[in-house]
Amino acid sequence: MARQVRAEVTRASVLMAAADVFLRLGYANAGLNEIIEQSGVTKGALYFHFSSKEDLARGVIDEGQIRLTTGMTSVSDGPTPALEALVALSYVAIEAASADPIVAAMLRLQHEIGDYQGTHGNVVASWQQGFERLVTRALEEGDILAEDDVSATTLSTFLLGSLLGAHVVASATGAFDDLPRRMERVWYFILPGLVEPSKLVYFRQFASRRLLR
């Protein structure tokens, strides 16, 4: 038991150090030696848990996904109306990344590695499923206008792509601090195509209130 606890502590130390180095230097410029030095573990201890830099990066993605999913689930599975939950979810990742370097590193690594794979599969595919469930519920609740030629799958794919696109551009241009305002602008321009005019002001204000948090 004591050996298992030590192994878990070592793995956590490596992941935290790796997240910091990946955030500061990016995947291409990050070196395992610097991660080893910062984590305070031996090279053998690092390679016991991770076979390569890529394997370590995917470990950070996995851990970041676990932490982010906890926050996202509390929003998506709660009693909040589905469209409000969709708006809130777009800010959850920003808020989590601001508070947790492993989540921030996960988001950067996904963009830099380019295939959005952790060690357990495609991260974005799981987000897609969650968005589709919320879009379906928002249609049933009447907050998203139903269009005969637009399915919940198509609409959720569009929404997720728009929101992820804001993350990609912010990451690529070093403008992550401006991402909350950009996210509010994304919703400002998308909402008129989703809701009936009588609800537009409310949902735009809802998105703005999330920004102010």
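The structure places CG of L163 at 9.5 Å from CG of L89, a figure rounded to the nearest 0.5 Å. To the nearest 0.5 Å, atom OG of residue S208 and atom CZ of residue R185 are 7.0 Å apart. Expressed to the nearest 0.5 Å, how far CD of E184 lies from CH2 of W187 amounts to 11.5 Å. Taken from OG in S76 to CZ in F131, the straight-line distance is 9.5 Å, to the nearest 0.5 Å.
A138 and A82 get closest at one heavy-atom pair: N-CB, 3.4 Å. Between I35 and A17, the shortest heavy-atom distance links the atoms O-CB, 3.8 Å. When every heavy atom of G64 is checked against every heavy atom of V103, the shortest pair comes out as O-CG2, 3.9 Å. Taking every heavy atom of both residues into account, V186 and S162 meet most closely at CG1-CB, 4.4 Å. Considering every non-hydrogen atom in both L109 and A57, the closest pair reads CD1-O, 3.7 Å. L107 and A93 get closest at one heavy-atom pair: CD1-O, 4.1 Å.
Taken together through direct or relayed side-chain contacts under 4.5 Å among Ile, Leu, Val, Met, Phe, Trp and Tyr, L23 and L56 form parts of separate hydrophobic clusters. Hydrophobic cluster membership differs between L145 and V195, with clusters built from Ile, Leu, Val, Met, Phe, Trp and Tyr side chains linked at under 4.5 angstrom. Put simply, F50 and F48 are part of two different groups of oily side chains (I, L, V, M, F, W, Y) that touch within less than 4.5 Å, one to the next. The hydrophobic clustering, which links ILVMFWY residues whose side-chain heavy atoms are closer than 4.5 Å, places V60 and L25 together. Residues L139 and L200 share a hydrophobic cluster, clusters being chains of Ile/Leu/Val/Met/Phe/Trp/Tyr side chains in contact below 4.5 Å.
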Q: Could you give me the CA-CA distance, side-chain angles and deciding distance for S52 and E54, then say whether side-chain hydrogen bond (donor to acceptor under 3.5 Å, both in side chains) is met?
A: CA-CA 5 Å; S52 64; E54 180 180 343; 5.4 Å; no
Q: In sequence, state the C-alpha distance, the side-chain angles, and the governing distance for N33 and K43, and then conclude on side-chain contact (heavy atoms from CB on, under 4.5 Å).
A: CA-CA 8 Å; N33 287 337; K43 182 179 292 187; 4.2 Å; yes
(Q) Is there a side-chain contact (heavy atoms from CB on, under 4.5 Å) between F22 and I102? Walk through the geometry before answering. (A) CA-CA 10 Å; F22 286 136; I102 288 186; over 6 Å; no
(Q) Using side-chain contact (heavy atoms from CB on, under 4.5 Å), reason through V92 and L68 one step at a time and then give a plain yes or no. (A) CA-CA 8 Å; V92 166; L68 179 57; 4.0 Å; yes
Q. Would R133 and R137 count as a side-chain contact (heavy atoms from CB on, under 4.5 Å) if you check the C-alpha gap in whole Å, the side-chain angles of each, and the deciding distance to 0.1 Å?
A. CA-CA 6 Å; R133 287 194 295 270; R137 183 154 65 87; over 6 Å; no
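Side chains of Y47 and L32 form a contact here, defined as non-hydrogen atoms less than 4.5 Å apart. Put simply, the side chain of L191 does not reach to within 4.5 Å of the side chain of F206, judged on heavy atoms. Looking at F158 and V150, their side chains never come closer than 4.5 Å, going by heavy atoms from C-beta outward. Between I94 and P180, the closest side-chain pair of non-hydrogen atoms falls below 4.5 Å. Side-chain atoms of T10 and H49, non-hydrogen and from C-beta on, do get closer than 4.5 Å to each other. Residues L155 and L194 are in side-chain contact: their nearest non-hydrogen atoms beyond the backbone lie under 4.5 Å apart. Looking at heavy atoms from C-beta onward, M16 lies out of side-chain contact with D20 at the 4.5 angstrom threshold. The shortest distance between side-chain heavy atoms of L83 and L134 does not fall below 4.5 Å.
For the side chain to side chain contact (heavy atoms under 4.5 Å, CB included) with H167, the lone residue among R182, R108, Q110, M183 that qualifies is M183.
Atom CD of E141 is surrounded by more than 12 heavy atoms from other residues, nucleotides or ligands within 6.0 Å.
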